[in-house]
Asks: 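This structure is in structure tokens; I'll ask about it shortly.
Below, chain A is the first sequence line, B the second, and so on; all start at residue 1.
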2 protein chains.
Amino acid sequence: MPARGKGRPRSFDRDKALQKALEVFWTRGYGPATVAELCAAIGINPPSLYAAFGNKDALFLEALQHYETTYWASPWQALADEADLRRGMERFLFAAAAILSSRDVPCGCLVVQNSGSVSPDSDEVRDALRLLREASKAAFLARLDRACAEGDLPPDADVEALAATFAAVLQGMSAQARDGAPREDLERIARASLAMLPVTRAPAPPAAAGR
Amino acid sequence: MPARGKGRPRSFDRDKALQKALEVFWTRGYGPATVAELCAAIGINPPSLYAAFGNKDALFLEALQHYETTYWASPWQALADEADLRRGMERFLFAAAAILSSRDVPCGCLVVQNSGSVSPDSDEVRDALRLLREASKAAFLARLDRACAEGDLPPDADVEALAATFAAVLQGMSAQARDGAPREDLERIARASLAMLPVTRAPAPPAAAGR
DNA sequence: TGGCATTCGTAGCAGCCGCTACAATAATCG
DNA sequence: CGATTATTGTAGCGGCTGCTACGAATGCCA
């Protein structure tokens, strides 16, 4: 695989092109985005796009992976690394609120928002999106399971239900961000949802419960 | 407006046609659904469809209204009528779980699922969907406000945040239903989310606060 | 019975879709 | 220098999109 091949060199930066394509898919949606729009945004012609990325589906899948690693890998990692469950969840959800409502970038989540925009017969793209959505639930579940084992949650907590619910909250935050909700609103959703976490029976700080 | 006009009578039932169109939009999504598909499902030709409904947008908007009144009007009304907040919320969310995961009907919510499938330049359809989504949040807010006044919630509860969060949970339930989550999973989400509601401070069983 | 009003099926419009054939261009190789 | 190899822009393919012109069919009303 020669880094510098023999033929005529490519006249555009493939990574920047991928970034541009991501922006188009993000703002317009997978379905509504057209190859012509993608080409215009990148500044190339259709044959160059197809030579570099294959076809529209493959380009979207590559943009999708770029999206995940660029925007979400770090928050998920931080959730896994944080020792305290509640602090970790709060930080993750606040980071999500920032991403979903950023003004530097289209609002809402590429993965959540395109669940409806992709025609039910293009299996590959649909499956890729579904798998990413299920991965979110699995990541929450893993973290909650650990919290259960470490005493951050009571041992009988329904961690699967909690994981599914936080995944639902995340999806809802994406939808409301797309509808124009500002970052503060998303943060209030994040904070409110944290109240779902059941408290561990206190080891017994001598019963002075009064506020 | 004569119920029995003068010209040749219509050869199909307009209401049944609307129901069929709703099913197509529901399963395929607004964007991916084509006029040809709609015609095939109804059993008519394009000119009949355009004569009866106007165009694709108008047909969708009418199907949307039919959807809301048929499936959601009653649960929302029940939420408003139920005296006890928690019982009302639980019943509403369980009803939602049943609708969203029903096997008689496509999974997921027409309003939530089509947020991404409609091209950003067809303003009318997009606005109609957004307004319905915001109406959900407003309905939750109204019910929570009332609960606050009636003592079902503490007076300092952040009802706006709670309303937005329940709306988010509902949107997430729709997404997960579309991804194949069974009714039981959605019900566990519903139950888990109810834990967000803050408990009212007990009216004062003389200060024996220690649990 | 003969208008008249409305809907019907056939057939096809212009326009956009994803995608590609083709020849010219620009680089590395011997 | 050719020869080779890859990318470029032009131009356009077949197919599907939402939508409609048209004349035949079918009902009410006078």
Asks: Kindly compute the distance separating CG (Leu18(A)) from CD (Glu23(A)), expressed to the nearest 0.5 Å.
Replies: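 The CD atom of Glu23(A) is 10.5 Å from CG of Leu18(A), to the nearest 0.5 Å.
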Asks: Provide, to the nearest angstrom, the distance between the CD1 atom belonging to Ile42(B) and the P atom belonging to dT7(C).
Replies: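 The distance from CD1 of Ile42(B) to P of dT7(C) comes to 15 Å, rounded to the nearest Å.
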Asks: Look at the side chain of Arg8(B) against the base of dA5(C) and say whether a donor-acceptor pair falls under 3.5 Å; ignore hydrogens and angles.
Replies: no
Asks: Could you state the atom-to-atom distance from CG of Asp57(A) to P of dC19(C) in whole Å?
Replies: 7 Å
Asks: Is it true that Phe92(B) and Phe140(B) have ring centroids separated by less than 6.0 Å?
Replies: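 Between Phe140(B) and Phe92(B), which both carry aromatic rings, the centre distance is below 6.0 Å.
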Asks: Kindly state which residues belonging to residues 43-56 of chain A come within less than 4.0 angstrom of DNA chain D, counting heavy atoms of the residue only, listed by number.
Replies: Asn45(A), Pro47(A), Ser48(A)
Asks: Please confirm whether the backbone N or O of Leu79(A) pairs with a side-chain atom of Arg143(A), one donor and one acceptor, at under 3.5 Å?
Replies: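 Pair found, side chain donor or acceptor close to backbone of Leu79(A).
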Asks: Going by heavy atoms in the side chains, are Cys109(A) and Leu100(A) under 4.5 Å from each other?
Replies: yes
Asks: Go through the structure and list residues passing ring pair (Phe, Tyr, Trp, His ring centres under 6.0 Å) with Tyr71(A), not counting sequence neighbours.
Replies: Trp26(A), Tyr67(A)
Asks: Where the side chain of Thr34(A) is concerned, which of dT26(D), dT8(D), dG18(C) is the nearest nucleotide?
Replies: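 Among dT26(D), dT8(D), dG18(C), the one nearest the side chain of Thr34(A) is dG18(C).
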Asks: What distance do Ile189(B) atom CD1 and Ser193(B) atom OG have between them, rounded to the nearest 0.5 Å?
Replies: 8.5 Å
Asks: With a 4.5 Å heavy-atom cut-off, do Leu197(A) and Leu144(A) have their side chains touching?
Replies: yes
Asks: For residues 9-21 of chain B, which residues have at least one heavy atom under 4.0 Å from DNA chain D?
Replies: Pro9(B)
Asks: On the ring face of Phe12(A), is Arg14(A) found with NZ or CZ under 6.0 Å from the centre and within 45° of the axis?
Replies: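 Arg14(A) over Phe12(A) ring: no.
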